[in-house]
Amino acid sequence: MVDTAPVTSTGTATGDTASSAPKADASGDPAAGTPSAGTDTDVRIDVDLLAEHLLGRWAEDRRISRRLVRDPALHKVEGLSIVEHRARAFDQLRILQENGAIQRPYPPELGGQDNHGGNLAAFEELTTADPSLQIKAGVQWGLFGSAVHHLGTERNHREFLPGIIAFDVPGCFAMTETGHGSDVQSIATTATYDPATQEFVVHTPFRGAWKDYIGNAALHGKAAVVFAKLVTQGVDHGVHAFYVPLRDDDGAFLPGVGGEDDGVKGGLNGIDNGRLHFDHVRVPRTNLLNRYGDVAEDGTYTSPIASPGRRFFTMLGTLVQGRVSLDGAAVVAQKIGLQIALTYAMERRQFPTNGGEEGVLLDYGQHQRRLIPRLATVFAQSFAHEKLLRTFDDVFSGRLDTPERREDLETEAAAFKSMSTWYALDTLQECREACGGAGFLAENRLTSLRADLDVYVTFEGDNTVLLQLVGKRLLTDFRKKAPRDAASTAKFVAAQVGTKLADASGIRRLGQTVKDRGSLAASATDLRDTETQRALLSSRVDAMVAEIGMRLNTAGKDRARQAQLLNRSQHELIEASKAHAERMQWEAFTDAIDEVPEGDTRKVLVWLRDLFALGLLEQHLDWYLVHGRLSAQRARAVSASIDRLIARLRPLVPQLLASFGYEPEHVRAPIALGEERARQDEARAWFAAERAAGRLPEQEKKPRP
């Protein structure tokens, strides 16, 4: 068993490599990360085991990426001008390409490995270097290259992929329009086929149809995958993707192509986002990425998918990896932020304690409350993301590429991406505040990370819109379970009403009170039971969805009435989708625990899982009380149980941070790399010396009244 030995980027504890994660001190010195008095101080985590568990199935791909991003040439330099930052990010992509960091997902005949899960796992770790680098690389190879790869056929691959992979053709992914963001089906750009010349004519008919917020569009992009309505023989066949050249070798726009620079943004200023517009730009017929739809020389349209709606969603589904990678990047950013804030909190001293000496921040209850539950949440997100990566790899490797599995992938990606990116903003802001003025300094990275992650909540689909996608899946599943004949429906509704009556009458609460027999400890014990947590989290989702579903069923086949009721239920549906995402995160955490052998490491993971679950109960306590899912006795036990778990986990924070496996080159925040400890040691040594020499002045004593 390894306890607090430093962890290198390979995730293996060693005794000769300095770690940015603080080490617990057996002396009990609070400055060393261990409270002078606490519970469970004999618990020791196997850091190697936990680190490997967090790295997941593609551990080696993550290690390779982490080793690469130790290079200072890939690190963000704070304070650069937008021109300098863009130039630096562009040069960094060449470093990635030359080091073989981007070839994993492509076919072997193009120098790739068909390694889809490993590609995203490695890609997410670029966040530690510079989120602008991660996103700019994602634009080039994860969007532009992947669109050609997954939406094109062999003819497209041969013609376009070699230049994209080699970075000879920097490119853009031109989907979003100024007038249509998440509503891709309604974009206005058209690609009209001209059989006389066998060319598509790409055109943006008005200002709102300009492609907007497009990475690489302002400066570097030489070509783009442009999404447009395919029109041939007078028929609009919906959105398709086209390879469209943009600039010549001197960087000037080609005839008919124009654009603007989006300028300075709230973050990610290493990426040259811009706008593109097209004035009857002609491209060869073969520039259509034709996996899901093709046009013959005479203009005849064919597709392997007859339904236009299913065809559209199938095409967009092949590009789901953007959402998957954003989920992972948000988790990585939170780990870095928490490592900075928690390390600082274990070294920064403030306010005299009962013994007269200043205490470290993390020994104060409220400081523990603001950070340690978020540490538990990031573990939950890590295991949920690993589950998502495995689903993604199952589909894109072809092992389990079924319609059902693709639907699972889209639902999980939408749910986890939404929750983790929102959590990231919350966590990074809390970390910033928890570090006071030091957290506001750019050198300590927290403000920069939060600014760069801000746009992640609207990247690859606005989170609120994505959760409506999740809600649609929940309602579809509900309808499949609900009976269709009148008699069965009546029984089904009666059962739901019975549930509501039980909620209102307090029957459930009465049963809980009898079981607990007035004991807060009994209430707490039951709340930490796995099946109790599962039932509480699941019942909330099921009840919320059932209530919306039954409301919609009252509309019968009246589509207008259905739409009206759905619009009125939109907020509730989004809340149900959030609850479903939280339940899936809890389930992923629980499944991950089952893979860990009995011992202290598993015990600590259970504590973290319980803290995550109880945090969800506390956050939604009003719902559980109103619906009778918790008695008042158990409701009181939730917060008390959280406090006890936090106290247990406090001494283990150094080991938990060590399990992240990030080195000083990944963290790069002076307050988390010994600077604050050195200041505190200097101050304590000075006061000790002055006190021993009798040079400290006497303190003013106020006379007693």
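None of the values given here were measured: they were computed from a predicted structure. Heavy-atom basis, side chains included; hydrogens, waters and symmetry copies ignored.
- Among the candidates Asn273, Thr176, Thr178, the single residue satisfying the side-chain hydrogen bond (donor to acceptor under 3.5 Å, both in side chains) test with Asp212 is Thr178.
- The pair Asp194-Arg285 fails the salt-bridge criterion, with no side-chain N (NZ, NE, NH1 or NH2) lying under 4.0 Å from an Asp/Glu carboxylate O.
- Between Val281 and Val244 the shortest side-chain heavy-atom distance falls below 4.5 Å.
- Side chains of Ile135 and Phe459 form a contact here, defined as non-hydrogen atoms less than 4.5 Å apart.
- Look at Lys76 and Asp452 and you find a salt bridge, because one of the NZ, NE, NH1 or NH2 atoms lies within 4.0 Å of a carboxylate O, short of that distance.
- In this structure a side-chain-to-backbone donor-acceptor pair under 3.5 Å is missing from Arg311 to Gly293.
- Using bins of under 30°, 30° to 60° and over 60° for the plane-to-plane angle, the ring pair His116/Phe396 lands in the tilted bin.
- Each ring-ring contact (aromatic ring centres under 6.0 Å, His included) pair with one or both residues in residues 172-198, not counting sequence neighbours, appears once here: Phe173-Phe227, Tyr193-Phe200.
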Let's go through Leu93 and Leu133 carefully: what are the C-alpha distance in whole Å and the side-chain angles of both, what is the deciding distance for side-chain contact (heavy atoms from CB on, under 4.5 Å) to 0.1 Å, and is it a yes or a no?
CA-CA 7 Å; Leu93 294 200; Leu133 165 62; 3.7 Å; yes

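- Rounded to the nearest 0.5 angstrom, Leu453 CG and Thr127 OG1 are separated by 7.5 Å.
- Paired with Val457 under the rule side chain to side chain contact (heavy atoms under 4.5 Å, CB included), one option of Leu466, Leu425, Thr464, Asp462 passes, and it is Leu425.
- Side chain of Ser303 to main chain of Ala306: no donor-acceptor pair is present (N/O by atom type, distance under 3.5 Å, no hydrogens or angles).
- No donor-acceptor pair under 3.5 Å is formed between the side chain of Ser569 and the backbone N or O of Glu572.
- Side-chain N or O atoms of Ser146 include none that pairs as donor or acceptor with a backbone N or O of Leu143 at under 3.5 Å.
- Of the charged side-chain nitrogens involved, none lies within less than 4.0 Å of a carboxylate oxygen, so that Asp272 and Arg86 do not count as a salt-bridged pair.
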Take Arg155 and Glu159 through the salt bridge (Lys or Arg N to Asp or Glu O under 4.0 Å) test and state the conclusion after the steps.
CA-CA 6 Å; Arg155 79 181 189 195; Glu159 185 173 1; over 6 Å; no

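- Taking all atoms of both residues into account, the shortest heavy-atom contact from Gln97 to Ile165 is CG-O, 3.3 Å.
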Worked verdict on Arg275 versus Asp261 for salt bridge (Lys or Arg N to Asp or Glu O under 4.0 Å)
CA-CA 6 Å; Arg275 306 177 184 96; Asp261 194 328; over 6 Å; no

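- A salt bridge does not link Asp130 to Arg88: none of the charged nitrogens lies less than 4.0 Å from a carboxylate oxygen.
- His385 pairs by the ring-ring contact (aromatic ring centres under 6.0 Å, His included) definition with nothing, not counting sequence neighbours.
- In terms of heavy-atom proximity, Leu126 sits nearest to Ala137 at CD1-CB, 4.3 Å.
- The side-chain tip of Arg207 points at the ring of Trp210 from less than 6.0 angstrom away and within 45° of straight on.
- No side-chain heavy atom of Thr402 sits less than 4.5 Å from a side-chain heavy atom of Arg406.
- Nearest heavy-atom pair, Val324 versus Ala413, reported as atom, atom and distance to 0.1 Å: CG2-CB, 4.1 Å.
- Remark: aromatic rings of His203 and Phe278 are distant, center separation not under 6.0 Å.
- With a 4.5 Å cut-off on side-chain heavy atoms, Glu109 and His157 do not count as touching.
- Looking at Arg399 and Asp393, a side-chain N of the basic residue comes within less than 4.0 Å of a carboxylate O on the acidic one, giving a salt bridge.
- Using a 4.0 Å cut-off between a side-chain N of Lys or Arg and a carboxylate O of Asp or Glu, Glu412 and Lys417 do not qualify as a salt bridge.
- Judged by distance alone, with hydrogens and angles left aside, the side-chain atoms of Asn567 form no donor-acceptor pair with the main-chain N or O of Ala563 at under 3.5 Å.
- A side-chain hydrogen bond (donor to acceptor under 3.5 Å, both in side chains) with Tyr301 is found for exactly one of His237, His240, Gln233, namely His240.
- A donor-acceptor pair shorter than 3.5 Å can be found between the side chains of Gln334 and Gln381.
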For the pair Thr300 and Val295, evaluate side-chain contact (heavy atoms from CB on, under 4.5 Å) and give the outcome as yes or no after the intermediate values.
CA-CA 5 Å; Thr300 302; Val295 174; over 6 Å; no

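- Glu60 places a side-chain heavy atom less than 4.5 Å from the side chain of Ile64.
- Looking at Glu124, its side chain never comes within 3.5 Å of a backbone N or O of Val332 through a donor-acceptor pair.
- Taking the side chain as every heavy atom from C-beta outward, Phe242 and Leu230 approach each other to under 4.5 Å.
- With Gln140 contributing its side chain and Ile164 its backbone, the two residues share a donor-acceptor pair below 3.5 Å.
- Pairing each heavy atom of Leu151 with each of Leu319, the nearest pair is CD1-CD1, 4.3 Å.
- A donor-acceptor pair is defined here as one N or O able to donate and one able to accept, closer than 3.5 Å; no such pair exists between the side chain of Thr189 and the backbone of Thr204.
- Between Tyr243 and Phe160, the two ring planes are parallel [angle under 30°; tilted spans 30° to 60°].
- Ion pair Glu460/Arg323 not flagged as a salt bridge, since none of the NZ, NE, NH1 or NH2 atoms sits closer than 4.0 Å to an Asp/Glu carboxylate oxygen.
- Side-chain contact of Gln103 with Gln113: a donor-acceptor pair under 3.5 Å is absent, judged by distance alone.
- At least one side-chain heavy atom of Asp114 sits less than 4.5 Å from a side-chain heavy atom of Pro108.
- With salt bridges taken as basic N to acidic carboxylate O contacts below 4.0 Å, none links Glu582 and Lys578.
- Residues passing the salt bridge (Lys or Arg N to Asp or Glu O under 4.0 Å) test with Asp477 are Arg473, sequence neighbours excluded.
- Smallest separation of non-hydrogen atoms from Trp58 and Ala121: CB-CB, 3.9 Å.
- Within the 4.5 Å cutoff, no side-chain heavy atoms of Tyr292 are placed close to those of Phe312.
- Among residues two or more places apart in sequence or in another chain, the ring-ring contact (aromatic ring centres under 6.0 Å, His included) test is passed with Phe90 by Phe167, His220.
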Could you walk me through whether Asp394 and Arg390 pass the salt bridge (Lys or Arg N to Asp or Glu O under 4.0 Å) check?
CA-CA 6 Å; Asp394 285 344; Arg390 294 184 184 192; over 6 Å; no

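- In terms of the salt bridge (Lys or Arg N to Asp or Glu O under 4.0 Å) criterion, residue partners of Arg104 (sequence neighbours excluded) are, by chain and number, Asp61.
- Leu388 and Leu409 get closest at one heavy-atom pair: CD1-CD1, 3.9 Å.
- In this structure, Ser132 contributes its side chain and Gly270 its backbone to a donor-acceptor pair below 3.5 Å.
- Annotation: salt bridge (Lys or Arg N to Asp or Glu O under 4.0 Å) contacts of Arg561 (sequence neighbours excluded): none.
- Side chain to side chain, Asp327 and Ser420 meet the donor-acceptor criterion of an N or O pair below 3.5 Å.
- With rounding to the nearest 0.5 Å, the separation of CZ in Phe416 from CD in Gln585 is 6.0 Å.
- Checking side-chain atoms of Glu84 against main-chain N and O of Ser81 turns up a donor-acceptor pair under 3.5 Å.
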